[in-house]
Amino acid sequence: MSESSNRPPVSLSPGQWSFTRWRTVGQLEALDVNHPLFRATVFLQGAHLTHFAPRDEADWLWLSETAQLEPGRAIRGGVPVCWPWFGAPERNAPEVNRRIHTSQAHGFARTALWKLEDVRESAHEVEISLSLDANEDFRDLWSGHALALMTFNFSVRGCQIALTTTNLSSEPLAFSQALHSYFPTADISRSRVLGLGQSNYIDTLQEWDYRSQDGPVYFDGEVDRIYESGEPLTIVTPRGSRKLRTVGSDSTVVWNPGPEKAARLSDFPDQAWKKMLCVETANAAGDYRVLNEGQSHTLGVLIGRG
């Protein structure tokens, strides 16, 4: 997945950053990257990327116009981090579910405050690293001890995201996760996802039945599927396309709420389902991962030009 340039980013302390600045947005602290070649915004809450675009291009990500930027509230849009479990706890494997002590979906990482580890800049790239120590502070929600390291690499070629989990406990750790990426479209009815043909998937809207995909994925109302595939994908919309290449993933979630669910969602305009889709790099359903003491696993995606 590496797209390193000839001159690698150099680690700098806050007073020395050339392109990166702290900014308060709403009630949250964010890192704003204003590079001559691209722009990006990463929030410390949730290690949440809400904006990325090469200079003079529209945002490659979709962010709800009614997103609430408040402590403890998940941001609707961008790339939420679902960790250390994905989806409803009861829909996870027993090894994952037994550690969860809440009915809350998608884990706690997306509303937790992450620690800034490093900012590395060059004439071609910016890399931002954040960490979350999931220790006893989260014992009311989850049993385990793990370190999550989130790394973003931005360049004019695209955006690379990597989430590395290290098991810091003395017993095996089972977890599920997803990079819940939201993408914009001018018209959901004229959008499709290529690369999942002939893949099996779980249709969560049809009693979690297993089905087989024939050809591209189209959107006609609500879609919520977990595909058994980690293959390269292309998202095609009326205004262009994006390519997705993943590592550490054998499952992909494709989601659009459709009109009825959109009307029930928080921080989501009723008609916004027509202008977005989610294609999520995941370790979900049977693709959950188990780490022994000291082991690490990296889930990553490179979002590039179509």
Side-chain angles (χ1 to χ4, degrees), residues 1-14 16-23 25 30-44 46-63 75 77-81 114 116-131 148-164 178-185 193-195 230-237 239-249 252 278-281 298-306:
M1 266 178 64
S2 175
E3 284 215 345
S4 60
S5 62
N6 292 331
R7 297 174 61 189
V10 177
S11 181
L12 300 170
S13 58
Q16 300 173 300
W17 296 338
S18 297
F19 312 118
T20 307
R21 296 289 183 270
W22 286 108
R23 184 161 73 99
V25 188
L31 287 164
D32 249 4
V33 179
N34 190 359
H35 192 280
L37 300 177
F38 50 84
R39 292 182 177 178
T41 302
V42 177
F43 284 84
L44 264 65
H48 196 135
L49 176 67
T50 59
H51 174 84
F52 170 76
R55 182 69 67 174
D56 299 325
E57 293 189 27
D59 197 345
W60 285 22
L61 303 172
W62 180 87
L63 180 67
I75 301 171
V79 186
V81 179
W114 292 55
L116 177 63
E117 292 289 346
D118 202 5
V119 174
R120 298 166 63 84
E121 299 184 334
S122 77
H124 307 284
E125 300 176 0
V126 172
E127 184 176 279
I128 295 175
S129 300
L130 303 101
S131 67
L149 179 66
M150 192 74 167
T151 303
F152 301 93
N153 185 280
F154 307 115
S155 74
V156 72
R157 297 178 299 278
C159 169
Q160 182 173 305
I161 308 170
L163 172 59
T164 299
L179 302 172
H180 196 306
S181 307
Y182 288 74
F183 296 96
T185 177
V193 181
L194 310 180
E231 294 301 309
L233 304 177
T234 302
I235 301 170
V236 181
T237 74
R239 293 181 181 169
S241 61
R242 295 280 171 258
K243 289 190 180 296
L244 308 182
R245 299 205 324 261
T246 68
V247 296
S249 169
T252 299
C278 286
V279 180
E280 310 167 34
T281 303
T298 297
L299 174 73
V301 61
L302 174 63
I303 305 170
R305 298 183 182 277

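- Residues A123 and L37 come closest through the heavy atom pair O-CD1, 3.8 Å.
- Contact annotation: the side chain of L61 never approaches that of T50 to less than 4.5 Å [non-hydrogen atoms, C-beta and beyond].
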Original post:
Where do E125 and R157 land on the side chain to side chain contact (heavy atoms under 4.5 Å, CB included) test, with the steps shown first?
Top reply: CA-CA 10 Å; E125 300 176 0; R157 297 178 299 278; 3.5 Å; yes
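- Results of the side-chain contact (heavy atoms from CB on, under 4.5 Å) test with I161 over T151, T281, L179 single out L179 as the only residue that passes.
- The NE2 atom of H51 sits 11.5 Å away from atom CZ of F43, with the distance rounded to the nearest 0.5 Å.
- Scanning all heavy atoms of the two residues, the minimum distance from F52 to S155 falls at CZ-O, 3.3 Å.
- By the ring pair (Phe, Tyr, Trp, His ring centres under 6.0 Å) test, F38 is found to be paired with H35, residues two or more places apart in sequence or in another chain being considered.
- Side-chain atoms of F183 and I303, non-hydrogen and from C-beta on, do get closer than 4.5 Å to each other.
- Note that the CD1 atom of I235 and the NZ atom of K243 stand 11.0 Å from one another [nearest 0.5 Å].
- L44 places a side-chain heavy atom less than 4.5 Å from the side chain of W22.
- Rounded to the nearest 0.5 Å, atoms CG (L130) and CG (L163) are 11.0 Å apart.
- Once rounded to the nearest 0.5 Å, the distance linking CH2 of W114 with OG of S129 reads 11.0 Å.
- No side-chain heavy atom of V301 sits less than 4.5 Å from a side-chain heavy atom of V79.
- For the pair F19 and P36, the minimum side-chain heavy-atom distance is below 4.5 Å.
- Once rounded to the nearest 0.5 Å, the distance linking CG of L49 with CZ of F154 reads 5.0 Å.
- Shortest non-hydrogen contact noted between C278 and H180 is SG-CE1, 3.5 Å.
- Looking at heavy atoms from C-beta onward, L63 lies in side-chain contact with I75 at the 4.5 angstrom threshold.
- Under the side chain to side chain donor-acceptor pair (under 3.5 Å) rule, R39 has a single partner from D59, D56, N34, which is N34.
- Rounded to the nearest 0.5 Å, atoms CD1 (I128) and CG (L31) are 5.0 Å apart.
- No more than 12 heavy atoms of other residues, nucleotides or ligands sit less than 6.0 Å from atom CZ of R239.
- The shortest distance between side-chain heavy atoms of E127 and N153 falls below 4.5 Å.
- Across all their heavy atoms, T41 and A30 have their closest contact at CG2-CB, 4.0 Å.
- Side-chain N or O atoms of T185 include none that pairs as donor or acceptor with a backbone N or O of T237 at under 3.5 Å.
- Nearest heavy-atom pair, A47 versus F152, reported as atom, atom and distance to 0.1 Å: O-CZ, 3.2 Å.
- Under the side-chain hydrogen bond (donor to acceptor under 3.5 Å, both in side chains) criterion, E57 pairs with W60, R305, sequence neighbours left out.
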